[in-house]
2 protein chains.
Amino acid sequence: MEEGLRERKKRETRQRIADIAMGLFMVKGFDNVTVAEVARTADVSVNTVFNYFSTKEDLFADRQDVAVDHPVQVVRGRAPGESVAAVFRRDFLDALETRHWRYGFNVGADVFAKLVNDSPTLVARMREIHELRERSLARALADEAEADDLTPLLVASQVLNTTRLLADFALRRTLAGEPWESIAPDLRAQAERAFDLLESGIGGYGTRPPLTPAGSAPPLAVAGGEQPGAEPEDRERGGED
Amino acid sequence: MEEGLRERKKRETRQRIADIAMGLFMVKGFDNVTVAEVARTADVSVNTVFNYFSTKEDLFADRQDVAVDHPVQVVRGRAPGESVAAVFRRDFLDALETRHWRYGFNVGADVFAKLVNDSPTLVARMREIHELRERSLARALADEAEADDLTPLLVASQVLNTTRLLADFALRRTLAGEPWESIAPDLRAQAERAFDLLESGIGGYGTRPPLTPAGSAPPLAVAGGEQPGAEPEDRERGGED
DNA sequence: TACAATTTTGGAGTCACTGCAAGTTGGATA
DNA sequence: TATCCAACTTGCAGTGACTCCAAAATTGTA
């Protein structure tokens, strides 16, 4: 089955719109570009843009599936005898050495980052992608472990949060103008510590000195429930998350 | 300095709008209520609504600061000799026994949850709140530890993800129609395991049998980079998160 | 009572996004 | 080659959140 002219044109149009949109976003910032402007520049109607991309964000977040899939690929790539935490350590450090984009270490990643950071919509989208990643990794882990409890989810969540915070750490310093050469060694050190923590748990973290003479610990129980300045009547609220 | 008529009226108006909005949301669902409708029902102009609440979500998420603050209160309530993980375990189990709303265990929480779940906007907002919680807890931990590394952030993130996933677990089963009496024991068991995992780390999790005769582990390195169906030219992408 | 500071309101406008009906075009068929 | 169908594109007319602005209406004060 050949690929007809029709199919090709479609692909081309879609690609052209996405490229032009990204170009405009890079120059003017996501929020300062209207879909109408993208359409005009790409020489199509607004409706056509929405025909290919269901929201403006999709114009930016195209191919997010790659990012979502990556963690699953990583666990699948475990060597014999290698734990989940260990592969991710390996994968992360490898990306660090090679300045790979999968954790945002490539040259120019900061431009993207700034672009995202400046747009609440895109920041929200990133959080969503993170959750998708979490879920897909959790499913992968659950499949191979055949467990029906929360463990896979917890593991996935902890691992991905570790890498996320590490990537974020590097990013913040990059955005602050620090050169990669200066960040890298520190990042490596932090990564080792972070993965150590991930592996060994936060068990005793923050334990207060057991025997302080003055001041006994008040029972917390409803901590945050009866704030001093809160309403008298307890307005019931619900769904934490 | 007295509280003038003006101040009082302002507070009342604000409260009335918020209450009426919440009422409408509960009945019709967040996305099926327009701001105009809220305004009409509250007998004010649309502009007045936006005068008090800068977005439609704020109409719902009012008082989110309490939720954001809770974790900080919990760590502040540590008993001598008690670790961070331990207080959260205690706080969580206590909430479980008392069916407290701080983790969404109160009667009627499911209604809120459904409301939130059905609106992408609100789901996004919840994710944002989670991040705020993470950050404020991290700051609190960093302050008392006087550390300048990522540890407080990592700890905060892991703790809050644990509670989040546990709360979610309970919620999903509630939404599936299961009665609380049936959920609670299971939830308690899951919670104990989750906090154990949190404390002792995911160290050996998912370790593959070290010596499998057939099939050696391929080096992953650029896992996810060269997907089978991906574009030939490597379109550089940036900001992971 | 008159003036000043605040609120409230109406109105006009922008932007993302939807639904619909009328073109336009590519490809298969007679 | 003429014809026809289905898919793609477009214009048009909304809806709904949110902004800006200038004209009332209301409240605190001199």
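Here is the naming used below: chain letters follow the sequence lines, and residue numbers restart at 1 for every chain. Given the structure is predicted, the values throughout are model-derived calculations rather than measurements.
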Aromatic centroids of Tyr103(B) and His70(B) separated by under 6.0 Å:
yes
How about Phe88(A) and Phe195(A): are their ring centres within less than 6.0 Å of each other?
no
The answer to which of Asn47(A) and Asp43(B) contacts DNA chain C further toward the 5' end, by nearest nucleotide, is Asp43(B)
Name the closest nucleotide to the Val35(B) side chain, picking from dA16(C), dG11(D), dA17(D).
dA17(D)
Whole-Å distance separating the CZ atom of Arg11(B) from the C1' atom of dT6(C)
17 Å
Testing Asp62(B), Asp19(B), Thr48(B) for side chain to side chain donor-acceptor pair (under 3.5 Å) with Arg14(B), which one passes?
Asp62(B)
Run the side chain to side chain donor-acceptor pair (under 3.5 Å) test on Asn161(A) and Ser157(B) for me, step by step, so that the C-alpha distance in whole Å, both residues' side-chain angles and the decisive distance to 0.1 Å come before the verdict.
CA-CA 7 Å; Asn161(A) 261 302; Ser157(B) 159; 3.2 Å; yes
Taking CG from Asn32(A) and C1' from dC15(C), how many angstroms apart are they, rounded to a whole number?
13 Å
Give the minimum heavy-atom separation between Val44(B) and Val49(B), together with the two atoms involved.
CG2-CG2, 4.0 Å
For dT8(C) and Asn51(B) - does any side-chain N or O of the residue sit under 4.0 Å from the phosphate oxygens OP1/OP2?
yes
Write down the distance between CD (Glu12(A)) and C1' (dT25(C)), rounded to a whole number of angstrom.
15 Å
With a 4.0 Å cutoff (strictly under), does any side-chain N or O of Lys9(B) reach OP1 or OP2 of dT27(D)?
yes
Looking only at side-chain atoms of Val44(B), point me to the closest of dA17(D), dC17(C), dT9(C).
dT9(C)
Under 4.0 Å, counting only non-hydrogen atoms across every strand here, what does Val33(A) touch: a base, just sugar-phosphate, or nothing?
sugar-phosphate
Rounded to whole Å, NZ of Lys56(A) lies from P of dG16(D) at a distance of 21 Å
How long is the line joining CG of Asp58(B) and C1' of dC18(D), in whole Å?
12 Å
Checking contacts here: which listed nucleotide (dC20(D), dC18(D), dC17(C)) is nearest the side-chain heavy atoms of Thr55(B)?
dC18(D)
How many Å lie between CG on Asp31(A) and C1' on dA17(D), as a whole number?
14 Å
It should be established whether Thr48(B) places a side-chain nitrogen or oxygen under 4.0 Å from OP1 or OP2 of nucleotide dT8(C).
no
For dT9(D), does OP1 or OP2 lie under 4.0 Å from any side-chain N or O of Tyr52(A)?
yes
Among dC17(C), dG26(C), dG11(D), the one nearest Glu57(A) by side-chain distance:
dC17(C)
Round to a whole Å and report the spacing from CD of Glu7(A) to P of dC8(D).
8 Å
Whole-Å gap separating C1' (dA17(D)) and CZ (Phe53(B)):
16 Å
Can you see if the side chain of Lys10(A) gets near the phosphate of dA7(D) - specifically, an N or O under 4.0 Å from OP1 or OP2?
no
Base, sugar-phosphate alone, or nothing: which one does Val46(B) contact when heavy atoms must sit under 4.0 Å apart?
nothing
